[in-house]
There are 2 protein chains.
Amino acid sequence: MAARPKNPPPDRRGDILDAALRLFAEKGYDAATNAEIARAAGITAAALYYYFPSKEELFRAAVSEHLAQFLPTLTNLTRQGGPPDGGSQEPFRSLLQRALAFFTGEKSQLVLKIILAEGPRRPEIRQIWNEQTAAAFASLMPYLAGAIADGRIRPVDPRLVFVLLQGPLMSAIVLRDLLQIPALQELTDEALVDAVLEVTLPGLLTDGR
Amino acid sequence: MAARPKNPPPDRRGDILDAALRLFAEKGYDAATNAEIARAAGITAAALYYYFPSKEELFRAAVSEHLAQFLPTLTNLTRQGGPPDGGSQEPFRSLLQRALAFFTGEKSQLVLKIILAEGPRRPEIRQIWNEQTAAAFASLMPYLAGAIADGRIRPVDPRLVFVLLQGPLMSAIVLRDLLQIPALQELTDEALVDAVLEVTLPGLLTDGR
DNA sequence: TCGCTTACTGATTGGTCAATTAGTATATAC
DNA sequence: GTATATACTAATTGACCAATCAGTAAGCGA
C-alpha cells in the first residue's frame, strides 16, 4: 500500500546500482534476480522498472557507471608519484603500489568479477570496459614511450612493458584473490611489488641493475 | 519414437561433455540450457539424465574431466625441455613457449572462461581447479626451488618467481584473447615470450644479464 | 485544496527451463 | 527366440522469473 516513501533516501538510483553490482558480481547475471536486487536496494522488483527499462539496461548501467567512477583514479596513476627519473625505481614503486591497492579494493574486485565473467561472452561489456579504460591506457602509453624516448628505460614496446609489469599483479589478483589458490594466500602485496621492482624493473631500466 | 540409436556413436558421454563444456563456456552456466547441450550432442534433453543426475553434476563433470585431460600436459611442462642449466635461458624459453601455446589452445580457453566466470562464485569449482592443478604446481615448485638451491637462479620465493614469469602470459591471455582489448591485438606469443626472457628472466638468473 | 506528478506497491501473466515419467526400439544373454 | 537390460524419446509438470499493469500515497505548484 505504501507508495511514495515518507523519508525518501537521497540516492535511490545509486542504491540500486550498488545492490545490482554486488549481486551481479556475487551470483552472476542470470542467477541474480530482480527481486533480490530490489530487496537489497530497499524497494520492490517492479520499482526497478521505474529507474531502468530492463534488467539488461540495469546491468549495463551498473557496470558502466561504476567503471566511470574509477576513471579519475586510473588516469591519475601515472600523474602522481612523479615521472620515471633516471634509473630510479621510486616512481614505479608508487605506481605499482597504488595500482595494486586499487585493484584489490572491494568495489574494484566486484567489477573485475563481472568483467572476467561476462566480458568474454558479451561484446557490449567488452566495449564498456574498453571505452572506460582506454583513457587510462592512453595516459600510460605516452608515459612509458616518453621514458623510452628519454633513454631512461630500454626501447621495448610499451605494450610489452605494460604486460610485463602489470601481469604479475593480475596474476596475484586472479589466482590469489579471486580463485583463492591456497599456495598463494601468503603472498603479500608488498612482497609482490618488491619482487617486480627487484626482478622485472631492472631489466627495463637503461642502467641495468 | 526412435529409442536406441541404430548406429550408436562410440562415446556419447564424451560427446555430451564436449558439448556441455563449449556451451557453458560460451553462454555461462545458467544461459546454457539442457536442450541446447543435448542438441549439440545429438540427443534430447531427457537423455542427459541417463548419463548425469542433474545439470549441476553435468557441469562439474565437464569441468573436472576436461581439466583432468590437461593434467599430463601441465605436469610435463617442467619435465620436457631440460632442467634450468647455468645461466641459460633455453629451458625457460621452452617452458614459457609450451605453457603459452597450451593456454591459448581452443579447449584450454573454454576451460579458462568457465574457471574465470564461475570460480570466483563457486567453491566447488575452485576446489576442482585446485585439485587438478595442484599436481602441476607441485612439480613446478621443486623445479624452481631446486634451481635456487643450486644457485642457478637467485633466492626469490618460488611462488613469486611463478607469478613474475606466468603473470605476463596470463595478462596476455585475459586482456588480449578473452577481453580482446584492441591495443593488445598485435602482441604475438613470440614477442611476449622474448620479452619475458629478455626482461624478467635476467633478474632471476644468478649471472645477471 | 485541487490537480498533477513522482515514486512507488501488489498482483498477474507469459514464457522458459530443469527435472520427471511413462513408454519404446534396439542390442545382448541365454 | 524369448527375456532382460540398454539407451534413448515425447510429453508433462512445477517452479521461477522478467516484465507489465492498475492502483495509490506522498510531495508540490498554483
Side-chain angles (χ1 to χ4, degrees), chain A residues 1-63 114 117-118 121-122 124-125, chain B residues 1-63 114 117-118 121-122 124-125:
Chain A
M1 305 268 174
R4 187 151 181 173
K6 35 177 194 155
N7 39 0
D11 185 20
R12 183 62 27 108
R13 199 186 123 94
D15 294 345
I16 295 172
L17 253 14
D18 285 350
L21 186 82
R22 212 192 74 234
L23 282 158
F24 284 139
E26 284 174 6
K27 316 186 78 173
Y29 176 79
D30 288 295
T33 65
N34 285 350
E36 278 177 313
I37 294 167
R39 190 154 42 83
I43 51 172
T44 63
L48 293 177
Y49 290 84
Y50 180 77
Y51 292 94
F52 303 95
S54 67
K55 190 187 182 186
E56 272 291 327
E57 287 291 327
L58 168 58
F59 178 61
R60 278 194 269 270
V63 174
I114 293 176
E118 307 291 342
R121 48 180 175 250
R122 289 183 189 244
E124 85 276 16
I125 292 296
Chain B
M1 303 273 174
R4 187 153 181 169
K6 36 181 192 150
N7 40 359
D11 185 20
R12 179 74 10 119
R13 200 186 121 95
D15 294 345
I16 295 172
L17 254 13
D18 285 349
L21 187 82
R22 211 191 74 234
L23 283 157
F24 283 138
E26 284 174 6
K27 317 187 75 174
Y29 177 79
D30 289 294
T33 65
N34 286 349
E36 278 176 313
I37 295 167
R39 189 156 40 84
I43 51 173
T44 63
L48 293 178
Y49 290 84
Y50 181 78
Y51 292 94
F52 303 94
S54 68
K55 190 187 182 186
E56 271 291 326
E57 287 291 326
L58 167 59
F59 178 61
R60 278 194 270 270
V63 175
I114 293 176
E118 306 291 344
R121 49 181 175 248
R122 290 182 188 245
E124 83 276 16
I125 292 296

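Labels below follow one simple rule: chain letters A, B, ... track the order of the sequence lines, proteins then strands, and each chain is numbered from 1. All figures in this text were calculated on a predicted structure; none of them were measured in a lab. These numbers come from the heavy atoms of this one structure, side chains and all, not from hydrogens, waters or symmetry mates.
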Here the pair of heavy atoms bringing B/R12 nearest to B/P9 is NH2-CG, 2.8 Å
Specify the separation, in whole Å, of atom CG of B/N34 and atom C1' of D/dT9. 15 Å
Tell me, do B/Y50 and B/I16 make a side-chain contact under 4.5 Å, heavy atoms counted? no
For A/T33 and for A/P53, locate the closest nucleotide of DNA chain D by heavy-atom distance; then report the residue assigned to the nucleotide nearer the 5' terminus. A/T33
Please say whether the positively charged group of B/R122, taken as NZ for Lys or CZ for Arg, lies over the ring of B/Y29, i.e. under 6.0 angstrom from the six-membered ring centre and within 45 degrees of the axis. yes
Taking OH from B/Y50 and C1' from C/dT20, how many angstroms apart are they, rounded to a whole number? 17 Å
Does the pair B/E36 and B/R39 meet the rule for a salt bridge (charged side-chain N to carboxylate O under 4.0 Å, His left out), with working shown? CA-CA 5 Å; B/E36 278 176 313; B/R39 189 156 40 84; 5.1 Å; no
Using whole Å, report how far CZ of B/F52 lies from P of D/dA7. 13 Å
For the side chain of B/Y51, starting at C-beta, report the closest nucleotide among D/dT9, C/dT9, D/dA7. D/dA7
Side-chain N,O (A/R12) to OP1/OP2 (C/dA7) below 4.0 Å: no
Does B/Y49 have a side-chain nitrogen or oxygen under 4.0 Å from the phosphate oxygens OP1 or OP2 of C/dA19? yes
How close or far is atom C1' of D/dT6 from atom CZ of B/R13, stated in whole angstroms? 16 Å
Atom CD of B/E36 to atom P of C/dT16: distance rounded to whole Å? 12 Å
Expressed as a whole number of angstroms, how long is the span from A/E56:CD to D/dC17:C1'? 15 Å
Spacing of A/D30 atom CG relative to C/dG15 atom C1', expressed in whole Å: 15 Å
Nearest-nucleotide pick for A/A47, side chain only, options being D/dT9, C/dC8, C/dA19: C/dC8
Taking any heavy-atom pair under 4.0 Å as a contact, classify B/A32: base, sugar-phosphate, or nothing. sugar-phosphate
Selection from D/dA18, D/dT9, C/dG10 that lies nearest to any side-chain heavy atom of A/K55: D/dA18
Specify whether A/F59 and A/F24 have parallel, tilted or perpendicular ring planes, treating 30° as the upper limit for parallel and 60° as the lower limit for perpendicular. perpendicular
Atom CD1 of A/I43 and atom P of D/dA25 are separated, to the nearest Å, by 20 Å
